[in-house]
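Take a look at the structure set out below.
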Amino acid sequence: MAFFVAILITSNVASSAKIVDLGISLFGIPLAFDGGTLLFPLSYVFGDVLTEVYGFRASRRVIWMGFIALALSSLIFFFLRLLPAEAAWEGYAGSAAYDAILGGMSTGGIALASLLGYLVGEFSNSVILSKMKVLMKGKLLWVRTIGSTLIGELLDSLVFVLAASLTGVFGWELFATLVLTNYLFKCLIEAAMTPFTYLAVIKLKKAEGVDAYDVGVKFNPFGS
């Protein structure tokens, strides 16, 4: 849970801070991406591990803890923005630089977009993985992790970029680029992490003596 929350907050700061362009295009669409794209897929890896080992209910608790931590971090950046600036700092850095780099976090744009995308994507990923585990009787973990990711990351990317564009964090000219790049990169990164997911799942199941199957569980994100 600690790693999950740390990655979630760090990826949102990175998303607000920088847009990366490696000069690569696909079907004429530049594959530029926000900085958080490199880190955020790791939260899905942890989500897969939590759901696979401990079940949907445990994963739900961690998802909500991540939501609260991200909302709190955004609130801290917001209040920091309101405090008066020291004169020397204003000279070499300044409030304009703060707004340009951390505006997505301090004004809530990135945080709101990420929270919406995160909740939709993470819960979709967790529910799909959990149901597939029961249907497949616990076999072919890689099919379940990648299959749930394809849907969860698609919903996450669409909701995140749409909300960030509506709040003015990203320009609309970047919409198609960011949705496509976010989705492709996130899926590729999680697919590449599959061996580590397998290792973590095997180690945890053995150490904890737990292998949850969500039979008869109500997949309500707000509780029982």
Side-chain angles (χ1 to χ4, degrees), residues 1-12 36-37 39-72 113-160 163 182-224:
M1 183 170 67
F3 277 113
F4 184 91
V5 172
I7 286 169
L8 184 65
I9 294 173
T10 304
S11 65
N12 276 271
T37 301
L39 283 174
F40 193 74
L42 297 180
S43 70
Y44 275 73
V45 173
F46 284 111
D48 287 345
V49 172
L50 287 165
T51 304
E52 173 66 23
V53 178
Y54 301 105
F56 174 76
R57 287 172 177 164
S59 182
R60 177 177 59 197
R61 289 195 295 271
V62 175
I63 290 171
W64 280 115
M65 185 58 67
F67 179 95
I68 293 168
L70 181 56
L72 178 60
S114 184
L115 286 169
L116 292 174
Y118 159 77
L119 286 179
V120 172
E122 284 284 0
F123 275 119
S124 298
N125 181 72
S126 184
V127 169
I128 292 167
L129 181 67
S130 178
K131 288 188 174 183
M132 287 179 71
K133 181 178 181 179
V134 174
L135 289 173
M136 300 175 74
K137 299 179 180 179
K139 298 177 180 178
L140 298 175
L141 174 60
W142 68 273
V143 173
R144 291 183 274 119
T145 58
I146 294 176
S148 61
T149 293
L150 290 174
I151 298 173
E153 291 287 18
L154 177 61
L155 294 173
D156 185 298
S157 298
L158 281 170
V159 173
F160 169 70
N182 267 264
Y183 182 59
L184 289 178
F185 279 19
K186 287 174 180 177
C187 290
L188 287 172
I189 290 172
E190 181 156 355
M193 292 293 293
T194 298
F196 300 97
T197 304
Y198 262 86
L199 181 62
V201 165
I202 291 169
K203 292 277 189 182
L204 277 174
K205 284 182 178 179
K206 184 177 179 180
E208 299 277 2
V210 176
D211 187 8
Y213 282 78
D214 291 320
V215 178
V217 171
K218 293 181 180 179
F219 295 99
N220 180 357
F222 301 102
S224 192

Do Thr197 and Val49 have side chains that get closer than 4.5 Å, going by heavy atoms? yes
Where is the tightest heavy-atom contact between Leu39 and Thr10, given as atom of each residue plus distance? CD1-CG2, 3.6 Å
What one should report as the nearest heavy-atom pair of Val5 and Ala69 is CG1-CB, 3.4 Å
Looking only at non-hydrogen atoms, find the nearest pair between Val217 and Arg57 and report the distance. CG1-NE, 4.2 Å
Between Lys133 (side chain only) and Gly55 (backbone N and O only), is there a donor and an acceptor less than 3.5 Å apart? no
Leu42 vs Met193 side-chain heavy atoms within contact, under 4.5 Å: yes
Is the closest side-chain heavy-atom distance between Tyr183 and Leu150 below 4.5 Å? yes
Give, for atom CG of Leu129 and atom OG of Ser124, the distance between the pair rounded to the nearest 0.5 Å. 12.0 Å
Close side-chain approach of Val62 and Tyr54, heavy atoms under 4.5 Å: no
Do the side chain of Trp64 and the main chain of Phe222 share a donor and acceptor less than 3.5 angstrom apart? no
Heavy-atom count check: over 12 atoms from other residues, nucleotides or ligands less than 6.0 Å from Tyr213 OH? yes
Shortest non-hydrogen contact between Gly66 and Leu8, atoms and distance: O-CD2, 3.3 Å
Answer yes or no: does atom CE of Met65 have more than 12 heavy-atom neighbours from other residues, nucleotides or ligands under 6.0 Å? no
What residue among Ser126, Ser148, Ser59 forms side chain to side chain contact (heavy atoms under 4.5 Å, CB included) with Asp48? Ser148
Validation row: Phe219, Asp214 side chains within 4.5 angstrom (heavy atoms): yes
To the nearest 0.5 Å, tell me how far Phe56 CZ sits from Arg61 CZ. 11.0 Å
Would you give the length of the straight line joining atom CD1 of Ile146 to atom CG of Leu140, rounded to the nearest 0.5 angstrom? 11.0 Å
Taking the six-membered ring for Trp, are Phe46 and Phe3 parallel (under 30°), tilted (30 to 60°) or perpendicular (over 60°)? parallel
Quick one, Phe123 and Arg60 - any side-chain contact, counting heavy atoms below 4.5 Å? yes
Are the side chain of Tyr44 and the backbone N or O of Cys187 linked by a donor-acceptor pair below 3.5 Å? no
Any side-chain to backbone donor/acceptor pair from Thr194 onto Ala191? Under 3.5 Å, distance only. yes
Does the side chain of Glu52 reach to within under 4.5 Å of the side chain of Lys205, using non-hydrogen atoms? yes
Hey, does Asn125 have a side-chain heavy atom less than 4.5 Å from the side chain of Ile151? no
Could you tell me whether Met136 atom CE has more than 12 heavy atoms of other residues or ligands within 6.0 Å of it? yes
Heavy-atom pair with the smallest gap, counting every atom of Met132 and Val143: CE-O, 3.9 Å
If we ignore angles and hydrogens, is there a donor and acceptor under 3.5 Å between the side chains of Ser43 and Glu122? yes
Hey, could you give me the OG1/CH2 distance between Thr145 and Trp142, rounded to the nearest 0.5 Å? 9.0 Å
In this structure, CG of Asp156 is separated from CG of Leu119 (nearest 0.5 Å) by 9.5 Å
Assert yes or no for the condition that the ring centre distance of Phe67 to Tyr118 is strictly below 6.0 Å. no
CD1 of Ile68 to CG of Leu72: how many Å apart, nearest 0.5 Å? 9.5 Å
